[in-house]
2 protein chains.
Amino acid sequence: MAECQVKKSGRHEYYCSVELTLQVIGGKWKPIILYHLGRNGTHRFGELKLAIPNITQKMLTQQLRELEKDGVIDRLVYAVVPPKVEYSLTELGHTIIPVLQHLGQWGQQYEEYSREHGLSEVTV
Amino acid sequence: MAECQVKKSGRHEYYCSVELTLQVIGGKWKPIILYHLGRNGTHRFGELKLAIPNITQKMLTQQLRELEKDGVIDRLVYAVVPPKVEYSLTELGHTIIPVLQHLGQWGQQYEEYSREHGLSEVTV
DNA sequence: CGGCATCCTCACCGATACTG
DNA sequence: CAGTATCGGTGAGGATGCCG
């Protein structure tokens, strides 16, 4: 984090490792996807689609592809009709789960804190 | 994280607390700003500008304003000429530092892992 | 079932110029 | 010094339709 040079890793450009992490997990739906794969293990595409309301097929596909390219999930295609595709965390992918939990914990703290301190009111 | 309802906290809408955290720290320059404030304490605007190459005045101002609204930094304006403004972490802001460190650690692991496993080559 | 191809919108970010 | 104000590019994200 101390250095301020542009680095590259895979598809990502970043100045510090925090930024790199955020580029891997920072997609709008990626935390939720990783959460589901971490919690219940392997999922089919349709299961993820059901588990994540409001996500469109396009976005689900796109985010899954990026996570795959970044090496945090595996994609297993069965040669059957109708198609069957299963997604699961890689070894590397499992290591991100504690980080996500940490983020989640802070978010909850923040939620409470802002309720107590009246941060939650928006002046529209 | 288990629930999938839309919530609101302050300026943010989110489905899970991970998302909320990412909305607070997820701006392009926010991690770096928080890092500097966490490491060396109070900074003047110009000091931050110098410490963060490439950032524009506009972006620095904007990100600082958002961090302030979210309650993680304080803004102290001295009534002097020329103007003097100091930024520092709030109590709440300090609690985000370990989370950032965790993100940074994972990023470094990821960096090594992808070098070892040839993830770092991009097919342009 | 699990996609891909298009088209579109809008928030994010940057460059530049001006100011109390 | 520490900002605003304005304009404009760009790409992430979304809606819709077709396909093996």
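The shown structure was predicted, so the numbers you read here are calculated from the model rather than taken from an experiment.
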Within the 4.5 Å heavy-atom criterion, are A:Ile52 and B:Tyr15 side-chain neighbours or not? no
For a quick test of reading the model: is some side-chain N or O of A:Arg75 closer than 4.0 Å to OP1 or OP2 of C:dG3? yes
Could you state the CZ-C1' distance from B:Arg65 to D:dA2, rounded to the nearest angstrom? 9 Å
Donor-acceptor pair, side chain of A:Tyr110 and main chain of B:Asp70, under 3.5 angstrom: yes
Can a donor-acceptor pair be found, under 3.5 Å and without considering hydrogens, that links the side chain of A:Thr90 to the backbone of A:Gly93? yes
Donor-acceptor check, side chain of B:Lys7 to backbone of B:Cys16, threshold 3.5 angstrom: yes or no? no
When the rotation axes relating C1' atoms of four end pairs to the next four are compared across the helix from C:dC1-D:dG20 to C:dG20-D:dC1, five pairs an end, they differ to 10° by 50°
Write down the distance between CG (B:Leu76) and C1' (D:dC1), rounded to a whole number of angstrom. 15 Å
Calculate the interatomic distance between B:Lys84 atom NZ and C:dG20 atom C1'; express it in whole Å. 19 Å
For atom CG of A:Leu22 and atom C1' of C:dC12, their distance in whole Å: 16 Å
Just the rounded figure in Å: distance from P of D:dT4 to NZ of B:Lys49. 15 Å
pair A:Thr21-B:His102: side-chain heavy atoms closer than 4.5 Å: no
May I ask you to decide if A:Trp29's main-chain N or O and A:Gln63's side chain share a donor-acceptor pair within less than 3.5 Å? yes
5' precedence on DNA chain D between B:Gln57 and A:Thr56 (nearest-nucleotide basis): B:Gln57
Other residues, nucleotides, ligands: >12 heavy atoms within 6.0 Å of A:Lys84 NZ: yes
Rounded to whole Å, CD of B:Glu86 lies from P of D:dG3 at a distance of 12 Å
Heavy atoms under 4.0 Å, any strand shown: does B:Tyr87 hit a base, just sugar-phosphate, or nothing? sugar-phosphate
Are any protein N/O atoms closer than 3.5 Å to N/O atoms in nucleotides 10-13 of chain D? If there are, list each pair with its distance.
from   : atom 1 : to      : atom 2 : distance (Å)
D:dG13 : OP1    : A:Lys28 : N      : 3.2
D:dG13 : OP2    : A:Gln63 : NE2    : 3.4

Measure from CZ on A:Arg44 to P on C:dG3 and round the result to the nearest Å. 10 Å
Looking at A:Ser9 and A:His12, would you say the former's side chain and the latter's main chain have a donor-acceptor pair under 3.5 Å? no
Would you say CD of A:Glu91 has more than 12 non-hydrogen atoms from neighbouring residues, nucleotides or ligands within 6.0 angstrom? no
Nucleotide C:dC12, atom P - distance to CD1 of B:Ile55 in whole Å: 15 Å
